Amino acid sequence: MEQIAMVKSVQGNGMAVVAVQRGTACGAAHNCAECNGCETTLTRKENLVTAYNDAEAKPGDMVRVCSENGTFFKTAAIVYILPLVLALVFYGVSSFLPFGGSEMLRALCAGIGFVAGVLVAVAWDRHMKRVDGLRFHVVEIVRACSGM
């Protein structure tokens, strides 16, 4: 996944802090301040991330930042798909149990599966933060800053 970001600071260890602009939820090319139809007026408009400064960018430079796709897609699958899959599996397995004839019991098992999937997603998120799992790389300087 590629995004354009601005370098805020450069660290001595070959890393840079970059500001990545959040996109709108609707993706429309209109004035969000007039629309008020999405959350951009309620949330911060940029995220600060630490990236490997492979292009040796300086503060103020506009750069292209890439994330490692394998880790990104694995995380997306765990967060968005796993709870749904576990809910369906728990629902299906409960219908084959001898006491699984009740629709209420099957729905309860599906809910338990969904909650289990959410708990796995939360544990995965904590793990990724602990091991610095989602890595970003500054791969190209799009526009160099001449003033800093």
Side-chain angles (χ1 to χ4, degrees), residues 1-55 57 59 61-143:
M1 187 171 107
E2 291 186 0
Q3 292 179 296
I4 302 296
M6 176 182 271
V7 178
K8 293 292 187 177
S9 65
V10 176
Q11 301 172 347
N13 58 357
M15 304 292 279
V17 176
V18 297
V20 179
Q21 294 294 319
R22 282 187 64 151
T24 63
C26 62
H30 67 278
N31 189 353
C32 283
E34 293 176 7
C35 173
N36 291 328
C38 62
E39 77 281 353
T40 57
T41 57
L42 302 175
T43 59
R44 67 177 183 248
K45 298 195 189 293
E46 68 180 18
N47 290 329
L48 294 177
V49 296
T50 304
Y52 293 96
N53 193 3
D54 300 335
D61 290 350
M62 295 299 291
V63 295
R64 185 176 319 279
V65 179
C66 291
S67 64
E68 297 171 350
N69 288 338
T71 306
F72 177 77
F73 287 124
K74 185 189 305 182
T75 299
I78 289 172
V79 169
Y80 293 111
I81 297 173
L82 185 66
L84 179 63
V85 168
L86 285 181
L88 294 173
V89 167
F90 276 52
Y91 181 87
V93 168
S94 68
S95 65
F96 290 111
L97 296 175
F99 52 85
S102 166
E103 186 65 30
M104 181 65 99
L105 182 62
R106 284 185 261 173
L108 178 65
C109 288
I112 291 170
F114 183 80
V115 169
V118 169
L119 291 176
V120 169
V122 168
W124 179 258
D125 179 58
R126 289 182 180 162
H127 167 73
M128 292 300 285
K129 285 180 182 175
R130 189 171 49 252
V131 299
D132 195 25
L134 191 56
R135 294 180 183 96
F136 296 93
H137 294 269
V138 176
V139 294
E140 176 187 6
I141 299 173
V142 176
R143 189 180 73 229

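This chain uses plain numbering: 1 for the first residue, then up along the sequence. The structure displayed is predicted, hence computed values, not measured ones.
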How close do Val7 and Ala16 get, counting heavy atoms only, and between which atoms? CG1-CB, 4.3 Å

Just grab all the salt bridge (charged side-chain N to carboxylate O under 4.0 Å, His left out) pairs involving residues 80-91, residues at least two apart or on different chains. none

Considering only heavy atoms from C-beta outward, does the side chain of Val139 approach that of Val65 to under 4.5 Å? no

Residue set satisfying side chain to side chain contact (heavy atoms under 4.5 Å, CB included) with Val17, at least two apart, ordered chain then number -> Lys8, Ser9, Gln11, Leu48, Thr50

Sub-4.5 Å side-chain heavy-atom contact between Pro59 and Val10: yes

For residues 83-91, which side-chain N or O atoms pair as donor and acceptor with protein atoms under 3.5 Å away, sequence neighbours left out?
from	atom 1	to	atom 2	distance (Å)
Tyr91	OH	Glu103	OE1	3.3
Tyr91	OH	Glu103	OE2	2.8

Between the CG atom in Asn53 and the CG atom in Asp61, the distance rounded to the nearest 0.5 Å is 9.0 Å

For Ala107, what residues pass the side chain to side chain contact (heavy atoms under 4.5 Å, CB included) criterion, not counting sequence neighbours? none

Listing, residues 74-81 side-chain donor-acceptor contacts under 3.5 Å, not counting sequence neighbours, or none:
from	atom 1	to	atom 2	distance (Å)
Thr75	OG1	Thr71	O	2.9
Thr75	OG1	Trp124	NE1	3.0

Heavy-atom side-chain contact between Ile4 and Met62 under 4.5 Å: yes

Applying side chain to side chain donor-acceptor pair (under 3.5 Å) to Glu140 and not counting sequence neighbours gives Arg64

The criterion is side chain to side chain contact (heavy atoms under 4.5 Å, CB included); which residues satisfy it with Ala51, sequence neighbours excluded? Val18, Phe136, Val138

Residues pairing under salt bridge (charged side-chain N to carboxylate O under 4.0 Å, His left out) where one sits in residues 114-127, two or more places apart or in two chains, turn out to be Asp125-Lys129

Roughly how far apart are Ser94 OG and Arg106 CZ, rounded to 0.5 Å? 6.5 Å

